Q: 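Quick one: this structure, given as structure tokens, is what I'll be asking you about.
These numbers were taken from a predicted model, which means no experiment stands behind them. Note that the numbering runs from 1 along the sequence shown for the chain.
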Amino acid sequence: MKNNFGTNISWTLFGESHGPAIGITLDGLPAGFKVDMEQIKSDMDKRKATGKISTQRHEADEVHILSGMYNGYTTGTALTILIENQNTKSKDYSAFHGRLRPGHADFTAFEKYNGYQDYRGGGHFSGRLTACIVAAGSICRQILKSHGIVIGSHIESLYTLSDIPFSQDSRVLEKQIQEVNDKTFAVIDDQVKDQMIQEIEKAAAEGDSLGGILETAIIGLPTGLGEPFFDSVESILSHLIFSVPAVKGVSFGEGFGFAKLKGSQANDAFRFNDKIETKTNHNAGINGGITNGMPIIIHTCIKPTPSIFKTQESVDYLSKENVDLKIQGRHDPCILHRARIVVDSVVAFGLLDLYMSRLAIKPLQGDFE
């Protein structure tokens, strides 16, 4: 199992949903950066389960930094984060061992690990491990923000309901990002918030679940980040976003909407306004895999939570018999509102890795500043 990712910086994820703890190690961070622990706590709170629209498994999610930080500053050595699991109910899963939950990784885990995997709560496949990603991602976001790079996401759509999209006006967009980053349930139009919450509660009452789409915006990026082809900005960020459980689609800018446009409509015309910029941003701030200085806009599709309380057809992997399955336990009827900070976090890690590549080569470049 490969649990690490990154080039200039890397992170390694470890732990299981019902193990004693989960954690992550960030390696390659610059020394001397002051870490804001209150900001980490604020970001962790955005991921926490709340009310009827989330799982009833409530964890304290206290972040313990075991190494790589001294007197509040990064030391430049590997920074290891540990988060204890304190509210597990493994008995909810013991009766279903071998019974494959539709939409989950139970079958593929059996096939890959020959039955030795920790199946409780989904084990290492569980969204529980995204708590570590949020903690590490918060540090990455803080470093990026110190360089003027800001990330924010909102619920673009939930089931059949839609929020206002991010603005094309850079000044309005900056304000929108700040506003959604201050919200637990991140929508731009507060009037749609209650409707979305009611829709989630309705699905939960029916024993069902919902999915939707997140819209992420990144502003303040310099030009020249990324590489053509295999390490394009889209390639790196897509790789990371698809690593988030329940993500089934990622697009940039117009995305699949390009299929309904002509080239004259899809192209972003250039203009000079104190600096070179584009009049529109259909291509989401990226040309040839490299940032052009315009905002990056990403759309992420989150599937409905596979853990539902309806009876479903399944198979017992151990007996090879067809069975009817009705799961028990504590599960989210929707993870969209919790997943947005996770997406922000993996995007922050990817952008910091790319940004560090730019810092490494910039002094060697010529006079084309």
Side-chain angles (χ1 to χ4, degrees), residues 4-12 24-36 39 68 73-79 133 136-153 170 173-174 177 181 216-243 250 252-253 268 270 272-278 281-298 343-369:
N4 61 291
F5 187 85
T7 303
N8 301 291
I9 58 171
S10 64
W11 56 11
T12 302
I24 194 166
T25 296
L26 267 171
D27 204 4
L29 289 176
F33 182 79
K34 185 172 178 57
V35 177
D36 186 344
Q39 183 60 55
Y73 291 85
T74 56
T75 63
T77 57
L79 189 148
I133 289 174
S138 179
I139 297 174
C140 296
R141 290 175 72 205
Q142 290 177 41
I143 295 173
L144 289 172
K145 189 174 181 179
S146 72
H147 290 272
I149 301 167
V150 181
I151 304 166
S153 297
S170 58
L173 174 59
E174 183 175 5
I177 292 174
N181 279 343
T216 302
I218 305 111
I219 58 174
L221 282 169
T223 57
L225 294 187
E227 304 287 343
F229 296 101
F230 308 115
D231 283 334
S232 69
V233 174
E234 296 104 326
S235 299
I236 297 295
L237 296 186
S238 294
H239 190 149
L240 285 160
I241 296 171
F242 273 120
S243 299
V250 178
F252 292 80
D268 298 308
F270 286 102
F272 186 81
N273 184 19
D274 294 327
K275 63 178 181 179
I276 298 175
E277 59 184 17
T278 59
N281 193 27
H282 302 299
N283 290 276
I286 305 168
N287 294 130
I290 300 169
T291 57
N292 64 19
M294 297 294 287
I296 291 181
I297 304 295
I298 308 170
V343 171
D344 285 352
S345 299
V346 295
V347 167
F349 174 84
L351 290 176
L352 182 58
D353 198 7
L354 288 164
Y355 190 69
M356 292 176 73
S357 292
R358 180 181 186 273
L359 293 179
I361 65 170
K362 199 67 176 175
L364 302 180
Q365 293 180 346
D367 299 322
F368 298 99
E369 289 289 327

Q: Taking ring-ring contact (aromatic ring centres under 6.0 Å, His included) as the test, write out the residues that go with F5, two or more places apart.
A: H239
Q: Using side-chain heavy atoms (C-beta onward) and a distance below 4.5 Å, is T74 in contact with V35?
A: yes
Q: Do F252 and S238 have side chains that approach each other closer than 4.5 Å (heavy atoms only, starting at C-beta)?
A: yes
Q: Under a plain distance cut-off of 3.5 Å, with no hydrogens placed, do S10 and N4 share a side-chain donor-acceptor pair?
A: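 No - no donor-acceptor pair under 3.5 Å links their side chains.
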Q: Keeping Q142 on the side-chain end and D36 on the backbone end, is there a donor-acceptor pair under 3.5 Å?
A: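 Present.
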Q: Measure the spacing between CD1 of I133 and OG of S138 and express it to the nearest 0.5 Å.
A: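 Output value for this atom pair is 13.5 Å.
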Q: Heavy-atom distance under 4.5 Å between the side chains of W11 and D27, does that happen here?
A: no
Q: To the nearest 0.5 Å, what is the distance between CD1 on I219 and CD1 on I151?
A: 10.5 Å
Q: For N292 and T223, run side-chain hydrogen bond (donor to acceptor under 3.5 Å, both in side chains): C-alpha distance rounded to whole Å, both residues' side-chain angles, the deciding distance at 0.1 Å, then the answer.
A: CA-CA 5 Å; N292 64 19; T223 57; over 6 Å; no
Q: Give me the atom names and distance for the closest heavy-atom approach of G289 to E234.
A: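 Scanning both residues, the minimum pair turns out to be CA-OE1, 3.5 Å.
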Q: Inspect the surroundings of OH in Y73 and state if more than 12 heavy atoms from other residues, nucleotides or ligands are less than 6.0 Å away.
A: no
Q: Answer whether the closest heavy-atom distance between the side chains of P295 and N281 falls below 4.5 Å.
A: yes
Q: Without swapping roles, check the side chain of S146 against the backbone of I143 for a donor-acceptor pair under 3.5 Å.
A: yes
Q: Strictly distance-based, threshold 3.5 Å: is any side-chain N or O of N8 a donor or acceptor partner for the main-chain N or O of D353?
A: yes
Q: Enter the distance from T216:OG1 to I241:CD1 here, rounded to the nearest 0.5 Å.
A: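 Between atom OG1 of T216 and atom CD1 of I241 there are 6.0 Å.
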Q: Atom CG in D231, atom CD1 in I290: separation rounded to 0.5 Å?
A: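 Reported to 0.5 Å precision, the distance equals 11.0 Å.
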Q: Any chance you could measure L225, atom CG, to L351, atom CG, to the nearest 0.5 Å?
A: 7.5 Å
Q: Has the side chain of S232 got a donor or acceptor atom that lies under 3.5 Å from a matching backbone atom of P228?
A: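 Not confirmed, S232 side chain does not pair with P228 backbone.
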Q: Any luck finding a side-chain donor-acceptor pair between D344 and S153 under 3.5 Å?
A: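 Yes, a side-chain donor-acceptor pair sits under 3.5 Å.
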Q: If we only count heavy atoms from C-beta on, is the T25 to L79 side-chain gap below 4.5 Å?
A: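 T25 does not reach L79 side chain to side chain.
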Q: I'd like to check I24 versus T12 (side-chain heavy atoms, cut-off strictly below 4.5 Å). Are they in contact?
A: no
Q: Just how far is it from atom CG of L352 to atom CZ of R141, taken to the nearest 0.5 Å?
A: 13.0 Å
Q: Out of T278, N287, N283, which residue meets the side-chain hydrogen bond (donor to acceptor under 3.5 Å, both in side chains) rule with D268?
A: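 One option only clears the test, and that one is N283.
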